[in-house]
Protein chains: 2
Amino acid sequence: MTSRVTIADVARLAGVSAVTVSKTLNNTGRISDDTRARVLRAVQDLGYIANPAARSLRGARSNLIGMVIPELMSPYFAELARAAAESAGEAGLDLGVFTTSRDPARERQRVAALTGGMADGVIIVVPTDDAAHLAILEKSRTPIVLISHFGAKTDLPNVRADSYHGACAATRHLLGLGHTRIGFVAGAVESTQAQERLRAYRDTMRERGLLDPELIRPGNFTQRRGFTATHELLALKEAPTAIFASSDATAFGALDAVKDRGLRVPQDISVVGFDDIATASQSHPALTTVRHPIRQMSEQALNLLASAFQGQDVRGTQLDHHSELVIRDSTAPPRTT
Amino acid sequence: MTSRVTIADVARLAGVSAVTVSKTLNNTGRISDDTRARVLRAVQDLGYIANPAARSLRGARSNLIGMVIPELMSPYFAELARAAAESAGEAGLDLGVFTTSRDPARERQRVAALTGGMADGVIIVVPTDDAAHLAILEKSRTPIVLISHFGAKTDLPNVRADSYHGACAATRHLLGLGHTRIGFVAGAVESTQAQERLRAYRDTMRERGLLDPELIRPGNFTQRRGFTATHELLALKEAPTAIFASSDATAFGALDAVKDRGLRVPQDISVVGFDDIATASQSHPALTTVRHPIRQMSEQALNLLASAFQGQDVRGTQLDHHSELVIRDSTAPPRTT
DNA sequence: TTGTAAGCGTTATCAA
DNA sequence: TTGATAACGCTTACAA
């Protein structure tokens, strides 16, 4: 509990002024080798660390990027945070991650603190869809980038990926393999992404005249529901030969259920997931799934921030990505009876 | 891109002094209702947010707890961060999470920034085991709590859980069920936790005279390795009737491998994991595993910080937890031949 | 009830 | 090459 070591302490010990210490540490201005050495030693001895608050107050960069994100337990968000931390690190920036638990008030408060001088830039993942709030954010002096904002129109730069195209591709993949009875396990009803996935499946199936409401089961993104829904589906008189699950977790549940019935994936039943979480490639068989270009999105968000730092006007930037099908080992042509 | 709104702007608009604004906002001193109303309106109109840097510099609380953690991809760390964020939220504090990617230099730098005024308290998860560095941290004016520090002796409060007891309990559980041939899939060799798990298994098996080196397979915590190692184990002439995996991911691989051989869990083969990640209860069968009291540990870390805020001396506090066996559906008595 | 003055630790500017 | 000074935005003590 020593009281804080300040630049004045260092200056005193080194026998110079505070300004000289500052210059030495920031490599600004000319400093004699001798002085530099004395200062550096004093810094060492005292374990001096510049007070970031004072620095930031003085207008200096904090080198901190704040990421405000709903939660970290879902692999999707965790991966987003990891990728952003990596991109930030490469740019010599720190990334601080703040979770909101989807509480709009908390989100507002944290964004305010971050934009209020604590951070050089802020990334908001799935921001609360509140036009009034977004209008305030647009006026922020600190650059803000949105990730996965699908709501009200805003000038804030936005990076996002849709679920529709990937889900279409997955359905077509199954169709192309020869499947005609394809079961679908939906995601949580309130999720716009889940709705898009279902819409894509519906559109694609209807296009081929293969849409059968019986094959669509409600779900909630969980593994447990994937298990039960798949059991329901496979118990049908005209059972499907493939299952498209709205999330990888749900697909894992489907995998479990298929095996539970003594069937094999993909020989007897094909399974497709959505998200491409880290464990998707590690299951047996490895899961065919749909992936959002998470790394790329994080990178672009960081790049957008970097551009803003350099004074570029990034308002109105909208970077849209498609989700992409990742074919692994859980899909194959249907068993020829 | 409006330039920053300061307390002076608010004061001007409200027709009062900056001090009055400050007092109003912080509920300190007496302010007439009329003035208060005018100030609040001005704050609203201007969208004023106090600059946290200036606040912090002035010595005020930042209400921010910093958590420095190796990474967020592993469910264990993600859960730790989530639990801490929750505990912090309940205490009216924000939690900022900073990942180090296990880079000691990065860790030092981030801790320095955090303790240097940015945060009111810092939690370091699995700190770099460097006595010199820890000695510096001990002098920090900002309270620091360690989670899962197993290295050099330090005065810093430390909350941790061992793997040994839980692993012993798991092995005994299997033994108690009647298993005598128990396979073990190890974790990454460099992990001290993995070493403890293996040691526990060894000690317990040896105690019963059932230790057989052939049953111990190297691993790396991955699902993939759990799959291959289990195949190796089950191909043995005297195959085990139970598998103890050093992580849940590895256990999932084991589950896959058992099913891959046309066997059932737990009827034919029992499987035990370690960690109790969120998906452990969602697999089929639900996984018997060993859990660290993560929530409790995060809570205690926050409490320790809170105590330190109140001036209590928490130096030397060491909170040790045992890991605990969670029995689910992946274990049963061995098939009676 | 309100305001004046001082200072938190740092750095940019300018003078020496 | 070095240092004195001012300023960043805020809050606490003290005075009015």
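Keep in mind that what you see is a predicted model, and the values were worked out from it rather than measured. Order of the sequence lines fixes the chain letters, A, B, ..., with proteins taken first and strands second; residue numbering starts at 1 for each chain.
- A salt bridge does not link A/Arg41 to A/Asp45: none of the charged side-chain nitrogens sits closer than 4.0 Å to a carboxylate oxygen.
- For A/Arg55 and C/dG9, the shortest distance from a side-chain N or O to OP1 or OP2 is not below 4.0 Å.
- Along DNA chain C, the nucleotide nearest A/Ala54 and the nucleotide nearest B/Arg36 are compared for position; the residue whose nucleotide lies closer to the 5' end is B/Arg36.
- Atom CG of A/Asn27 and atom P of D/dT2 are 14 Å apart (whole Å).
- At whole-Å resolution of the value, CG in A/Asn26 and C1' in C/dT13 are 15 Å apart.
- No side-chain donor from either of A/Asn303 and A/Ser307 sits under 3.5 Å from a side-chain acceptor of the other.
- Straight-line distance from the CZ atom of B/Arg38 to the P atom of C/dG3: 9 Å, rounded to whole Å.
- Comparing A/Thr6 and B/Val16 by the nucleotide of DNA chain C that holds the closest heavy atom to each, the one mapping nearer the 5' end is B/Val16.
- Side-chain N/O atoms of A/Arg58 and base N/O atoms of C/dA12 include no donor-acceptor pair closer than 3.5 Å.
- The distance between atom CG of A/Asp9 and atom P of C/dT10, rounded to the nearest whole Å, is 9 Å.
- For the pair A/Asp34 CG and D/dT1 P, the interatomic distance rounds to 12 Å; values are reported in whole Å.
- Contact annotation: B/Thr20 side-chain N/O to C/dG3 OP1/OP2 distance is under 4.0 Å.
- Using a 4.0 Å cut-off, no side-chain N or O of A/Asn51 falls inside it from OP1 or OP2 of C/dC8.
- Ranked by how close their nearest DNA chain D nucleotide is to the 5' end, B/Ala53 and B/Lys23 are led by B/Ala53.
- Between the side chains of A/Thr128 and A/Glu107, a donor-acceptor pair is found at a separation under 3.5 Å.
- If you check the side chains of B/Thr99 and B/Glu71, you find no donor sitting under 3.5 Å from an acceptor.
- Salt-bridge formation is not detected for the pair B/Glu138/B/Arg315: no Lys NZ or Arg NE/NH1/NH2 atom is positioned less than 4.0 Å from an Asp or Glu carboxylate oxygen.
- Between the C1' atom of C/dC14 and the CZ atom of A/Arg30 lies a distance of 16 Å, rounded to the nearest Å.
- Look at A/Thr35 and you'll find a side-chain N or O under 4.0 angstrom from OP1 or OP2 of D/dT2.
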